[in-house]
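Before any comments, here is the structure.
Values reported hereafter were calculated over all heavy atoms of this structure, with side chains retained and with hydrogens, waters and symmetry mates removed.
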Amino acid sequence: MSLTETAQQIRRGDLRIPLGAVLLIVALTAPFVGSRYVTHSLIIALIFMLPAHGLNLLVGYTGLLSLAQAAFFGIGAYTAGLLAVTYGTPFYVNVVAAGLVAGAIALPLGIPALRLRSTSFVMCTLGFVIIGQAIAKNWISVTRGDMGLSSIPKPHFELGPLSFTVSGTMGFYYLALATGVLATLAVWAIVRSPAGRNMIAIRENETLAESVGIPTWRYKLIVFMISAVFAGVGGSIYAHYLTVVSPLTFQMYYSTTMLIIVLGGGAGTITGVVFGSLLFVGLTEALRITPELRMIAYGLCLLALVFWFKKGFSPLINRFWDTIGGAK
């Protein structure tokens, strides 16, 4: 590494803390600046960031294209909803249970699916979404069919003498923000670990990775389960926010949205997923009040990806980072 490159890295490192502080201030003050509907849009973006992080581990770091995230998102939503409505369990129990149930169901699904290759694997994961929606519609004694689950309680916390319920839009924003930050840190820890380097090795050349002793199939199965856990947690928060869950939670639109977040933001990058969630979910949700403008903006973003940003917006983010870091 040259002295110039080293100096650039030092400058970027020096700016990393103040820039992070500015972004943190913006995130914390966002509900006070924007309207309630803008805050709602940010909540939806933060919720969808969770399954997108899980999908990024699968697509961006391990090289497996999956369309099953909507299935695990729906499983998490129904798990949390059923526990809350039927047994009155607290929010934090529902969130943990939703993640664990989604991960546990991913195990028997992933064992046969991960033995398939490329297109066959993608079609198999698409089948999981269709099956999940069919079960939600037809297992009426549990899921109530098309009527879905309603009156799911808002998150309630009891911290010693303190007891409060997160019912307002602003309170739920900070809950979603805290969950999103924790999920982002968890993904960062995973990809920076030796397991993360092995995942990247599998993505780059699975045959070579296996030849040096990496148990590739076992890693892919574990990542598939971790990806499902992220989706399940996101689904549980989604259920508690909307207080309603229906078979529409399994719709294919959610899987494609999560995939666009990852590919559009930049597969294999954490900042790309954060940016993609805000752009492809937050912006489009905020423009829902103007359907024509919403679809035009969404279409222009997709066209920009196809023609100018084939690797997503992450190269643009990196270029911006180099600029503020003083790169020449």
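Side-chain contact between V122 and S66 is absent, with no heavy atoms from C-beta onward closer than 4.5 Å. L263 has its side chain out of reach of F280: every pair of non-hydrogen atoms, C-beta onward, lies at least 4.5 Å apart. Residues L177 and L42 are not in side-chain contact: their nearest non-hydrogen atoms beyond the backbone lie 4.5 Å or more apart. Side-chain contact check for T143 versus I135: every heavy-atom pair is 4.5 Å or farther apart. Within the 4.5 Å cutoff, side-chain heavy atoms of R144 are placed close to those of S150. At a threshold of 4.5 Å between non-hydrogen side-chain atoms, the residues T179 and L50 count as touching. Two residues are said to be in side-chain contact when any heavy atoms from C-beta on lie closer than 4.5 Å; P31 and Y174 meet this criterion. Annotation: side chain of H40 is not in contact with side chain of Y173 (no heavy-atom distance under 4.5 Å).
A single hydrophobic cluster is not seen to contain both L175 and L182; linkage of ILVMFWY side chains at heavy-atom distances under 4.5 Å, directly or through other members, places them apart. Under a hydrophobic-cluster definition in which Ile, Leu, Val, Met, Phe, Trp and Tyr are linked whenever side-chain heavy atoms come within less than 4.5 Å, directly or via other members, L185 and M199 are assigned to different clusters. A continuous path of hydrophobic side-chain contacts links L24 to L278 [ILVMFWY only; heavy atoms under 4.5 Å]. Both L65 and V273 belong to a common hydrophobic cluster when Ile, Leu, Val, Met, Phe, Trp and Tyr are linked at side-chain heavy-atom distances under 4.5 angstrom. F48 is connected to L67 through a chain of hydrophobic side-chain contacts under 4.5 Å among Ile, Leu, Val, Met, Phe, Trp and Tyr, so both are in one cluster.
With values rounded to the nearest 0.5 angstrom, F128 atom CZ is found 16.0 Å from Q133 atom CD. Atom CE in M49 sits 12.5 Å away from atom CD1 in I44 (nearest 0.5 Å). The distance from the CD1 atom of I261 to the CG atom of L279 is 9.5 Å, given to the nearest 0.5 Å. In this structure, I140 CD1 and D146 CG are separated by 8.0 Å, a value rounded to the nearest 0.5 Å. Of the inter-residue distances, the one linking I222 atom CD1 with R218 atom CZ reads 7.0 Å to the nearest 0.5 angstrom. Distance CD1/I214 to CG/N205: 10.5 Å, rounded to 0.5 Å.
Applying the side-chain hydrogen bond (donor to acceptor under 3.5 Å, both in side chains) test to every pair with at least one member in residues 101-117, sequence neighbours left out, gives these pairs: R117-E206. Sequence neighbours left out, the pairs with a member in residues 181-197 that pass side-chain hydrogen bond (donor to acceptor under 3.5 Å, both in side chains) are H53-T184. Residue pairs meeting the side-chain hydrogen bond (donor to acceptor under 3.5 Å, both in side chains) criterion with at least one member in residues 81-105, sequence neighbours excluded, are T89-N94, N94-H240. Residue pairs that meet the ring-ring contact (aromatic ring centres under 6.0 Å, His included) test with at least one member in residues 135-168, sequence neighbours left out, are F91-F157, F157-F164. Each salt bridge (charged side-chain N to carboxylate O under 4.0 Å, His left out) pair with one or both residues in residues 243-264, not counting sequence neighbours, would appear here, but there are none. Each salt bridge (charged side-chain N to carboxylate O under 4.0 Å, His left out) pair with one or both residues in residues 28-45, not counting sequence neighbours, would appear here, but there are none.
The ring pair (Phe, Tyr, Trp, His ring centres under 6.0 Å) check on Y78 picks up F250, with sequence neighbours excluded. When the side chain to side chain contact (heavy atoms under 4.5 Å, CB included) test is applied to I111, the partners found at least two apart in sequence or on another chain are L107, W217, L221. Qualifying side chain to side chain contact (heavy atoms under 4.5 Å, CB included) partners for I105, counting only residues two or more places apart in sequence or in other chains: I75, V101, L109. Evaluation of the ring pair (Phe, Tyr, Trp, His ring centres under 6.0 Å) rule for F121 yields no partner, not counting sequence neighbours. F72 pairs by the ring pair (Phe, Tyr, Trp, His ring centres under 6.0 Å) definition with F224, not counting sequence neighbours.
Across every non-hydrogen atom of L116 and C124, the tightest pair is CD1-CB, 3.9 Å. For the residue pair L57 and V223, the shortest heavy atom distance occurs at O-CG1, 3.6 Å. Nearest heavy atom pair, residue A209 against residue T216, reads CB-CG2, 4.1 Å. Here the shortest heavy-atom pairing between A97 and L83 reads CB-CD1, 3.5 Å. Shortest non-hydrogen contact noted between G81 and L149 is C-CD1, 3.9 Å. Contact between G268 and N56 at its shortest, heavy atoms only, is N-OD1, 2.9 Å.
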task = Take Y61 and I270, measure what side chain to side chain contact (heavy atoms under 4.5 Å, CB included) needs, and give me the verdict at the end.
result = CA-CA 10 Å; Y61 289 97; I270 297 175; 3.8 Å; yes
Evaluation steps, side chain to side chain contact (heavy atoms under 4.5 Å, CB included), between Q69 and L259:
CA-CA 9 Å; Q69 284 301 84; L259 189 60; over 6 Å; no
**Item:** Intermediate values then yes/no, side chain to side chain contact (heavy atoms under 4.5 Å, CB included), Y219 and I202
**Value:** CA-CA 9 Å; Y219 263 95; I202 295 171; 3.6 Å; yes
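Sparse packing is recorded around CE of M123, with 12 or fewer heavy atoms of other residues, nucleotides or ligands lying under 6.0 Å away.
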Indicate every side-chain donor-acceptor pair of residues 228-238 with a distance under 3.5 Å to a residue at least two apart or in another chain.
{"from": "S236", "atom 1": "OG", "to": "V233", "atom 2": "O", "distance (Å)": "2.6"}
{"from": "Y238", "atom 1": "OH", "to": "Y254", "atom 2": "OH", "distance (Å)": "2.8"}

